[in-house]
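First comes the structure, then the notes that go with it.
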Amino acid sequence: MSDSTDRLPVFPRDFLWGVSTSAHQIEGAVEVRGPSVWDVFTAEPGNVRDGSTAVVACDHVARYQEDVALLRDLGVDAYRFSVSWPRVQSPGGLDFYERLVDELCEQGIRPVPTLFHWDLPVGLDWLERDTASRFAEYAATVVERLGDRVTKWITLNEPAEHTLLGHALGTHAPGKKLLFDALPVAHHQLLGHGLAAQALRAAGVRDIGIANSHGPTWPASTDPADVEAAEFYDVILNRLFSDPLILGEYPEGIAELMPGDVSADLKVISEDTLDWYGINYYQPTKVGAPGGPDDGSTEFSGVTLPPGLPFSVREIEGFPVTDFGWPVVPEALTELLVGFRDRYGDRLPPLAITENGCAYEGIDDQERIAYLDGHLRAVHAALEAGVDLRGYFVWSLMDNFEWAEGYTKRFGLVHVDYETQTRTPKASYRWLRDALRTHRA
Ligand code: BGC
């Protein structure tokens, strides 16, 4: 046990500890599922950094028992995974999730499925309103089979990234470059959340969440042009998703840009659809007026932003960075959580961190230990400040297919040798296991 582990604060007894994965990133077994938009996207040369695909990934469908044993030995309470919609569409596709859930329950680990983590069946597109209804039908099918053993559900993962990267910038599947014309994708996913929540409620579910990505937006300076640009960015990346879900309204100026009967849809999106709100946190973003002073201003997370946007993303200096180049700023997580509490007050459901983690190479991953140590302290500081936060999930259990980065970025607590599929727990896995033993009340 490292010295820093000794000093970690004690967390509440009923705090839910978990790790997260997603179907497309780990499962493999493509022969027993239909194609997803990610299969099409990865098949196109140039879309994935190392030219790889997720055809095998971590071969999890075949090796799930070994992976559940790793979860058990780690000592987590819960496992957040996603259900592949294209697999569920295939005959017998739900059988795998039934086996996985049974294995988890047998090992005393709570299953927390996410219904959509970006791997949309080919033929569907969130640009179309009908996809929201199809999503609700699919949710009903899954809950019918698993609802007797699964009580805690997540509808969507990061609709912001699916909108921004998949439909606005085209660096993720389905690879569209619609810029602001991608806004209906956000609305239809939110509507899909609302309709899926109705389907889950109809099946008796009382524990529904969503996993949205959020991070504080820091203005590059106090100059009004920078402040205004940062506010715009905060609306597009944060409030566009949290306001409708929590307040039942879009930030000013957005509703007019959305399709359909927006006020009726907002009721579906917000009325009794959340028992808790999941936050995926990775980093803050510094934002200034368009055309910032440095050339890096048009780069965001490895994505080149097109010219003509009403903001520019600036480099955050003075912090360590991960292999992704993302700054490591644990205190921004406390800022984010306290900010949510202050903004939404009594309307805010209990929170959970549904993803937090970092990309680093190596099995003796001391940087990941430092990252987790810092972020757990930041979570604890938010608890001390009175934020109602009920759980924390690390991204990710094991190295996996990191979307457009292929296998070049490793987020796992467990190392995966993609040639042999050998799993090797990293130093961070042992650190977290010891932390979980020692720091529960
Ligand atoms: C996603 C994960 C992804 C992680 C690291 C999140 O945006 O939900 O699927 O692997 O970040 O990039």
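Numbering of ligands and ligand atoms starts at 1, following listing order.
Between Phe96 and Tyr64, the ring center distance clears the sub-6.0 Å criterion. The distance between the ring centers of His187 and Tyr250 falls below 6.0 angstrom.
With a heavy-atom cut-off of 4.0 Å, Asn157 touches ligand 1 through its side chain alone. With a 4.0 Å heavy-atom cut-off, ligand 1 is reached by no atom of Tyr281. At a 4.0 Å heavy-atom cut-off, ligand 1 touches Glu355 through the side chain alone.
For Arg341, the CZ atom is densely surrounded, since the number of other residues' heavy atoms within 6.0 Å is greater than 12.
Between the side chain of Ser20 and the main chain of Ser396, no donor-acceptor pair closer than 3.5 Å is present.
Those atoms of ligand 1 with a heavy atom of Trp118 less than 4.0 angstrom away are 1 (C), 7 (O). Remark: ligand 1 atoms within the under-4.0 Å shell around heavy atoms of Phe411 are 5 (C), 12 (O). With ligand atoms numbered from 1 in the order given, ligand 1 contributes 12 (O) to contacts under 4.0 Å with heavy atoms of Trp326.
For ligand 1, the polar-atom distance check finds an N/O of Trp395 within less than 3.5 Å of one of the ligand's N/O atoms. For ligand 1, the polar-atom distance check against Trp403 finds a nitrogen or oxygen pair separated by under 3.5 Å. For the pair Glu161 and ligand 1, the shortest N or O to N or O distance does not fall below 3.5 Å. For ligand 1, one of its N or O atoms has an N or O atom of Gln25 under 3.5 Å away.
No hydrogens or angles considered: nothing links the side chains of Asn238 and Arg343 as a donor-acceptor pair under 3.5 Å.
The single protein non-hydrogen atom nearest to atom 12 (O) of ligand 1 is Glu402 OE2, 2.6 Å, given as residue, atom name and distance. With hydrogens left out, the protein atom closest to atom 7 (O) of ligand 1 is Glu158 OE1, 2.5 Å, a heavy atom. At the shortest separation from atom 4 (C) of ligand 1 among protein heavy atoms lies Tyr282 OH, 3.4 Å.
Ring planes of Phe311 and Tyr233: perpendicular class, angle over 60° (limits at 30 and 60°). Using a 30° and 60° split on the angle between ring planes, His380 and Phe11 fall in the perpendicular class, above 60°.
Taken from CD1 in Ile269 to CD in Gln189, the straight-line distance is 11.0 Å, to the nearest 0.5 Å. Taken to the nearest 0.5 Å, the CZ atom of Arg80 stands 12.0 Å off from the NZ atom of Lys152.
Heavy atoms of His117 come nearer than 4.0 angstrom to ligand 1 in at least one pair.
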